[in-house]
There are 2 protein chains.
Amino acid sequence: MTLHDLAKELNLSIATISRALSRPEDVAPLTRQRVLAAVHRHGYTPNGTTRSLRTQQTRTIGVVVSDIRNAFFAAVVKAIEDEARANGYTVLICNADEDSAKEEAALQLLLDRKVSGVINCSTGANLDLLHTFQKSGAVLVDFDRESGLKNLDTVVVDNRRGAELATEHLVDLGHRDIATVAGPQHLSNARGRLIGFQDTLRKHNIQVKKSFVQYGNFRQESGYQAAQKLHSLRQPPTALFVANVEMAAGVIAFVRDKGVTIPQEISIVSFDDSFWARYMDPPLTVVAQPVETMGKCTMELLLARLRGGKPAQTKVFMPELIVRRSTCSPARSPR
Amino acid sequence: MTLHDLAKELNLSIATISRALSRPEDVAPLTRQRVLAAVHRHGYTPNGTTRSLRTQQTRTIGVVVSDIRNAFFAAVVKAIEDEARANGYTVLICNADEDSAKEEAALQLLLDRKVSGVINCSTGANLDLLHTFQKSGAVLVDFDRESGLKNLDTVVVDNRRGAELATEHLVDLGHRDIATVAGPQHLSNARGRLIGFQDTLRKHNIQVKKSFVQYGNFRQESGYQAAQKLHSLRQPPTALFVANVEMAAGVIAFVRDKGVTIPQEISIVSFDDSFWARYMDPPLTVVAQPVETMGKCTMELLLARLRGGKPAQTKVFMPELIVRRSTCSPARSPR
DNA sequence: TTGTAAGCGTTATCAA
DNA sequence: TTGATAACGCTTACAA
């Protein structure tokens, strides 16, 4: 069913039908009614794809998210979509699975669909594709990680500050043997979290042992493996800062397998909160990001940019330490 | 940058450019090279939206999901997207937030985008819109809930069986005062879970008290409230079957607030597993659905349908009871 | 091997 | 108030 069919049926021109639907006031009331009735009768819906061709704007925003199963991104996606829909935009969600090849495929898809803008949780690869976007006139926003490109809006949490908050908390409790499970260092957020951790230790004149820095990939299993390595050390840490909550779950799985008690034998603080962190055993001490606010802000920035004017800005949100029960002072050390 | 621009630059016709890209073998090697070079130089990407107009197929599948922040749906979406992309299809994800008005908006959007197919986690409302889809020739699949429409593929878990498994488990442990936090009864899955619960009790000659059936909306807070009501009863239950894990979290929040211990004072078994259920305090006994398999199967069914042939089928997956530590035999009752 | 031209379903301009 | 028509960017007969 197209405008054409409708026109034939009603003995009107397609122009009139189109007008009856998009600018009702430009059409005679009676005509409008006839059109509306027919539209309803047939369940006709204009082809939005075609409209885009004609109007040269898709009103679609692409979102490339690192891992849709990660609660953090799921929440962000929801916030983004709500804000977009409220403004008449559609969101095309792509899952990159923290994999630069999948990211490339996703960006290619968005390029193909001629999206008006892209919110990207960049792996740091695919800079050329991002560049192509910019050249094509699409608006780009970096979210959660910085791609390294210039002249684009950026929404991130203060990763260094978050790591400081977490590490400072552990130091305050009296820990000196503090390790970290860091994220992959090609990601700007993971780098920030590691630097914040190291700086805080140095500030307190605590040596940063190389063996106390383990690297994961932000996934659960890598947390498990990191914990394993840390555990096998001659002198294991008494406290642990984990760069995200998925890896923290992995750490906890390992620790539990070994029968080590949290927090008595090992204190754990993790980056990222999620609704279930407080139901865990024990409830997890975390550094929380203002997820909803960040998601909303990202879309607002993007829309503002689309409307023109505003130069690119970087918004840095403050994380917050939420102390629950996975951290406590270390047991008296024998040394 | 369009075919036209490229054609002008290379002194070729747009047809040749188009061919060089879509059927390389139909074009002289040298010409092809020149075209490819120019394409690369300009970062040109064909307009997929326009191609759809011409070829009359969008190769896009819409997915209307009840709540993207729910781990179950996040996992499903990932499985669906992977399978779709592997087959050259794009997925348009819409979040209905368990709200029929949002569902309507989502369906309308998908109608507008002329998607080839829709995977719908129906609220049960919007039957007329779904009907419009069918009339338009799009392929529909019901997932997780049945819309009530005929002649469409359906992928669900055996909800009754799952509830039986859970309830049977509680009965086996010796419980007689068993309550449930049921889901909203306009959803077929929630109905199935309630029926399975009731039937199992009856089978064991246990009376199903009306006050022992509380209704929630599949969200956390409603679990909290239901627990509150159950707790205020003159004779509260010793065991609880909760219809999904989000509500279970709410129940646990309440129970913990009250200082009631799980499982000693109250046993809890929930529908749905999620990776963190085993890290909870205590680890949650659940009825798990084979999420990835179900997601993949849904897309396979849809694609098969799109390729024609196959009549509509209903796939019912078997849930599995995973006993962890939130259930145990009831304490000796004083009565 | 390449070019010409029609047509996909809209919107928008101009005339009637 | 309505209609005829061009244009959006692409694919694909068909012709050269």
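Within every chain, numbering begins at 1; the chains are lettered A, B, ... in the order of the sequence lines, protein sequences first and strands thereafter.
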**OP:** Look only at the side chain of A:Asn47 and the backbone of A:Thr49, and say whether a donor-acceptor pair between them is shorter than 3.5 Å.
**Re:** yes
**Request:** Say whether, by atom type as modelled, one donor and one acceptor occur between the side chain of B:Ser52 and the main chain of B:Thr50 under 3.5 angstrom.
**Result:** no
Whole-Å distance, A:Leu3 CG to C:dA12 P, equals 12 Å
**Item:** Polar side-chain atom of A:Arg191 near backbone of A:Gln185 as donor-acceptor pair, under 3.5 Å
**Value:** yes
By the 4.0 Å heavy-atom rule, please label A:Ile14 as base, sugar-phosphate, or nothing.
base
Picking from D:dG9, C:dT2, D:dG3, the nucleotide nearest the side-chain atoms of B:Thr31 would be C:dT2
Rounded to whole Å, the CE-P distance (B:Met1 to D:dC8) equals 15 Å
note: A:Asp112, atom CG; D:dG9, atom C1'; distance rounded to Å ~ 12 Å
Against the side chain of A:Arg19, the closest entry in D:dT2, C:dG9, D:dT12 is D:dT2
Here the distance between atom P of C:dT10 and atom CZ of A:Arg54, to the nearest Å, is 13 Å
The side chain to side chain donor-acceptor pair (under 3.5 Å) partner of A:Thr123 among A:Glu98, A:Glu103, A:Arg145, A:Lys102 is A:Glu103
Rounded to whole Å, CZ of B:Arg23 lies from C1' of C:dT1 at a distance of 14 Å
Separation of D:dT11 atom P from B:Ile17 atom CD1, nearest Å, is 12 Å
Check your understanding: Hey, does the side chain of B:Thr50 come within less than 4.0 Å of D:dC10's phosphate (OP1/OP2), counting only N and O?
Key -> no
Taking for B:Ala15 and for B:Thr55 the nucleotide of DNA chain C with the nearest heavy atom, the one nearer the 5' end belongs to B:Ala15
Walking DNA chain C from its 5' end, the first of B:Arg32 and A:Ser22 to be reached, judged by nearest nucleotide, is B:Arg32
- Query: For B:Thr2, which contact category applies under a 4.0 Å heavy-atom criterion: base, sugar-phosphate, or nothing?
  - Reply: sugar-phosphate
| query | Does B:Arg219 use its side chain to pair, donor to acceptor, with the backbone of B:Glu246 at less than 3.5 Å? | reply | no
Under 4.0 Å between a side-chain N/O of A:Tyr44 and OP1 or OP2 of C:dG9, yes or no? no
note: B:Gln56, atom CD; C:dT10, atom P; distance rounded to Å ~ 10 Å
Quick note, B:Leu53 side chain, CB onward, closest among D:dC10, D:dC8, C:dC8 is C:dC8
To the nearest angstrom, the NE2-P distance between A:His4 and C:dT10 comes to 11 Å
Give a yes/no answer on whether the side chain of A:Ser18 brings an N or O atom under 4.0 Å of OP1 or OP2 in C:dT11.
yes
